[in-house]
Each structure stands twice: as C-alpha cells, then as structure tokens.
Protein chains: 2
Amino acid sequence: MPTFADPAAPDTDDAAASARRPRARRKEARPSELTAAALDLFVEKGFAATRLDDVAARAGVSKGTLYLYFDSKEALFKAVVEEGIVPALAAAEQRFAEYEGSSAELLRSLLLGWWQQIGNTRLGGVPKLIISESRNFPEIAQFYHDRVISRGRSLLRAALQRGVAAGEFRPLDIESCIDVIIAPLLMLTVWRYSLCSCGNDIEPERFLDTQFGILIHGLLAAPEGAR
Amino acid sequence: MPTFADPAAPDTDDAAASARRPRARRKEARPSELTAAALDLFVEKGFAATRLDDVAARAGVSKGTLYLYFDSKEALFKAVVEEGIVPALAAAEQRFAEYEGSSAELLRSLLLGWWQQIGNTRLGGVPKLIISESRNFPEIAQFYHDRVISRGRSLLRAALQRGVAAGEFRPLDIESCIDVIIAPLLMLTVWRYSLCSCGNDIEPERFLDTQFGILIHGLLAAPEGAR
DNA sequence: GATAAATTACTGACCGGTCAGTCATTAATT
DNA sequence: AATTAATGACTGACCGGTCAGTAATTTATC
C-alpha cells in the first residue's frame, strides 16, 4: 500500500505496471496512485498550473479515469490533503493526549514530528501551495484552514497552555506565540519550494536549530544557569 | 504638450478620465498608469492569473495599447519592479552610505524603511508574488533575484559587518543572520496577502515588535554582566 | 484662420494554443 | 453475455499576443 510519505516505495508497481498492461483494471489502487501523482505535481507547479492530463499520465492512467475517482480538480486536491496531512495531524493529537513529560519536550516533539512527517517530506510543499493559491481558490483555502490550520493551532495552543498551567513556561500571549512558532517553520518550507531553486540556498537544520534555540530560550520561566 | 485647456489634467483618476474621453492620446502618462494597474492586479491575483485585458481596462485603455508600451507580460512585470521597488532600494543604499549613528540604529532604520516604503504599501504583495510564481517563471525569479534580493542582502550584510567591525555586535554568522532577519518580514507580507483574507488575521505591529525585540536582544555584544 | 494631408496613439476582433471537464466507445473481468 | 473500468477524442471557455483599421493630433498649404 503505497503512501507518499514513504519515498522508499516508488511507483515501480503502479504506474509502470499500467504502462506494461495498458488497460488493466485496478479499482482499489487508483485513488492513492492518483493522489500521489497529484501531490508531486501540485507541489512542483502549484494548483492552477498543474494539468490533470499530467497527473493522470504520471499515475499511468488517462484523464478520463481520473474523473472516475474524483469529481473535480478541487476534489482531487482535497483528497491529497485528507490522505497526506490529516492523518499526520491526528497522530500528533494522539501523541499529545498520551504525553506525560515536560511541556518543553512535548513542544519539541510536536515540532520535530511536523518536520519529519510533513516539512521534510513531499508534503512540505503544501503550505507554500496554500499560501500561493489561497487568494484565487478561496474554497481550497477555507478547506485547508478548517481541516489543518485550525486543528494545528489548537494543538499548539493546548501544548503552550499546558506549559503555562504547570508553571513551566512564563505567562504568554498564546496566540501571537503560536504565530512566532510557526512562522519560521512555514518560512522554511516556503523558501525550499521557491527561491531555493534559483541561487538562494538555505540549510534547514541550521536554520531550525537557531530558531529552536531562540524559541526555547525565550519561553522558559526560570532562566537557570544550566542553559 | 499639455495645456490648461486639457480637461483631463486636474483629474486625479486616470482611468475615469479616459472613460470620459475614450480615445484621448496621452503618451506620457500611459506607462505609469499601466504599471500601477498591473501592480494592483499582480498583487491581488498573482502573475499567471492576471489577465492583460483586465490590466488594460483598469488603466482605462485597451489591450492593444498595453502592447504599445510593453513587449510582453513579463516585460510589464519587470517594469513594475523597476519602477516600484528598485528606487526604494537605491534610496536605502543612499541612507546607508551617509549614516553615522550606531549600527543598531542603522539596522532599525533600514528595516523600518522597508516596512514603510515596501512592506506596508501596495508593493508589499510583491515578495509573496515572487515566492508563489518563481517556480513557474524562472526568468522573473532570476530578474528579481538579481535586481532586488541580492542588492537587499548586500545592504543588510554591510550593515551587520559594520556593527561587528565596530564591536557593537558580537561576531555573527552573517549569512544565516540575514536569513533570520528577513524571514519574519517576508512571513508577515506572505501572511498578509494569503491566509489573512480568510480568517487568520495577524497584527503586523505587534508581530514586528516581538521579532525586533528578540532580534536586537540576540545580536548585541554584551550589554550587561555575563553571557 | 481654415482646410487638407500626414502622423501615430489607440482600438478590438481575431488567432493559436491550452486545459478542465464530458461522453461514446473499447476492453477487461465476472 | 453482462458489467464496468478505462480510454481519448471532443467541447467550450479562456487568454497572451497580433494587426488591420480608426480617430485624435500635428504639420503643411492656402
């Protein structure tokens, strides 16, 4: 069962197989093959500039077939998000609910999890995509806001409140704190999927290190010497 | 030559004037009217999604006229940047060359100047536009990189080096420091021109305050006691 | 100062190419 | 044979760019 979070499972058996057996009928596998292909192209070209002919071709299928499984281009995109990002978010909520360590560790775990399951995978291009196209496709923006952004912010909010309640973090303006936390992460993916490819390179690990350092240093309640 | 008999002269609204006098000939004024209209639409819709018919209409002119003054859509965009952003950059370079105060003040002045002349004007949408479309229009990305980004980074680099050389700032990894400085500014404009319009509001002043605070606190050499 | 001729800013219909979405046909499976 | 997954030619809307034509303005002539 191929998922696009796993780069080790290339399309050797789906698209290529279809190339060998032109009209093979594989009802079960098609949707995920199509969303995987769509993710690649959406991230590379953006939503508007991605042609459904190309998505279908990459999935080893014709455009008509694509329309058997998805009602429209927008529906296809929604499926990509639903399949790729929402599960990661659900997993993070699960981790949060069961967590028992310090809030700083929890926060670190959440952000690191985001980096490993979204930021540093093919899904990392999605935030930039949303930012780029939200004006022209308000319905998509709304969908993403409801399904991802608001849930993600709630998670961060809960983590921060947990830390403040325990006296571990100093009293914070939670909302603007959320912004400050996610801004550099977003920026990183935005950078990666835009100017990076034309001379303005950036080193993710170092950038994140710097930002993490500033963040933790700025949040903690008691500035102890051990830092 | 415009005379006092010209009824369009006292009118501030170019497009409206043209609407009253359909085919009036105003060779001098057209280019700037067109770039102004183009900036509005490019920022609102993006480069690809902006129709030249609309740009022309907003400037009170037909599409054919647009092509009398600009060779292509790309040329129009380049003119927008050349006319709107490059002069502000040149002014900043000028201010830098003549500056004599502290480097912290200089830095503050540069960033504030950016906010007032670019970030907080209609031009503020341009960075997001570039980020959004650089992949699909590499020539535009290259142009913007050469004309704006590299010059802007050079300016920041010089300001930081000035501070380090004077012992005012601690020794810094200049390049990554540049990234850390501009990331939140970029993020602010990106935010403003994308998700903001759909429920995720942000307060620029407060956001910038927070970031400025963190930044200055992190740069200074050793204001008091140990570190 | 009036009129005609020349110039050129401006127009908008048109062209070629693109692409989301449709549907009659074809072929794999049961 | 019946069912249905898959196809790809087709449609209609859209848009960057073109160009033959139109009209505002200037220059030449009387």
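Each chain gets a letter, A, B and so on, in the order the sequences are listed, and its residues count up from 1.
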What integer distance in Å separates Leu68(B):CG from dT7(C):P?
18 Å
May I ask you to say what Phe70(B) touches in the nucleic acid, namely base, sugar-phosphate or nothing, with a heavy-atom cut-off under 4.0 Å?
nothing
Measure up the Phe42(A) and Phe77(A) rings against each other and bin them: parallel (under 30°), tilted (30 to 60°), perpendicular (over 60°).
perpendicular
Those residues that, when tested against Glu74(A), pass side-chain hydrogen bond (donor to acceptor under 3.5 Å, both in side chains) (two or more places apart):
none
Using five pairs at either end of the helix from dG1(C)-dC30(D) to dT30(C)-dA1(D), determine the angle between the two local helix axes and round it to 10 degrees.
10°
Can you check the Leu34(A) CG to dA6(D) C1' distance for me, whole Å?
12 Å
Return each pair, listed once, that meets salt bridge (Lys or Arg N to Asp or Glu O under 4.0 Å) where at least one residue sits in residues 35-53 of chain B; pairs must be two or more places apart or across chains.
Asp40(B)-Arg58(B), Asp40(B)-Arg122(B), Arg51(B)-Asp54(B), Asp53(B)-Lys63(B)
By the salt bridge (Lys or Arg N to Asp or Glu O under 4.0 Å) test, which pairs, at least two apart or in different chains, include something from residues 136-148 of chain B?
Lys78(B)-Glu139(B), Glu82(B)-Arg147(B)
Is the phosphate of dT7(D) approached by Ser62(A) (side-chain N or O, under 4.0 Å from OP1 or OP2)?
yes
Rounded to whole angstroms, how far apart are CG on Leu66(B) and C1' on dT11(C)?
13 Å
When rounded to whole Å, the CZ to P distance for the pair Arg30(A) and dT4(D) reads 18 Å
Of the non-hydrogen atoms in Phe96(A) and Ala158(A), which two are nearest, and what is the gap between them?
CZ-CB, 3.5 Å
With sequence neighbours excluded, residues passing salt bridge (Lys or Arg N to Asp or Glu O under 4.0 Å) with Arg151(B):
Glu93(B)
Please confirm whether the shortest side-chain N or O distance from Tyr69(A) to OP1 or OP2 of dA5(D) is below 4.0 Å.
no
Evaluation steps, side-chain contact (heavy atoms from CB on, under 4.5 Å), between Asn136(A) and Phe47(A):
CA-CA 10 Å; Asn136(A) 294 116; Phe47(A) 179 77; over 6 Å; no
Distance col, row Ile85(B):CD1 vs Glu83(B):CD, nearest 0.5 angstrom, shows 11.5 Å
Could you write out each protein N or O paired with an N or O of nucleotides 19-21 of chain C at a distance under 3.5 Å?
unit_1: dC19(C); atom_1: OP2; unit_2: Arg51(A); atom_2: NH1; d: 2.8
unit_1: dA20(C); atom_1: OP1; unit_2: Thr50(A); atom_2: O; d: 2.9
unit_1: dA20(C); atom_1: OP1; unit_2: Lys73(A); atom_2: NZ; d: 3.1
unit_1: dA20(C); atom_1: OP2; unit_2: Leu52(A); atom_2: N; d: 3.0
unit_1: dA20(C); atom_1: N7; unit_2: Lys63(A); atom_2: NZ; d: 3.0
unit_1: dG21(C); atom_1: OP2; unit_2: Tyr67(A); atom_2: OH; d: 2.7
unit_1: dG21(C); atom_1: OP2; unit_2: Lys73(A); atom_2: N; d: 2.9
unit_1: dG21(C); atom_1: O5'; unit_2: Tyr67(A); atom_2: OH; d: 3.2
unit_1: dG21(C); atom_1: N7; unit_2: Lys63(A); atom_2: NZ; d: 2.9
unit_1: dG21(C); atom_1: O6; unit_2: Lys63(A); atom_2: NZ; d: 2.7

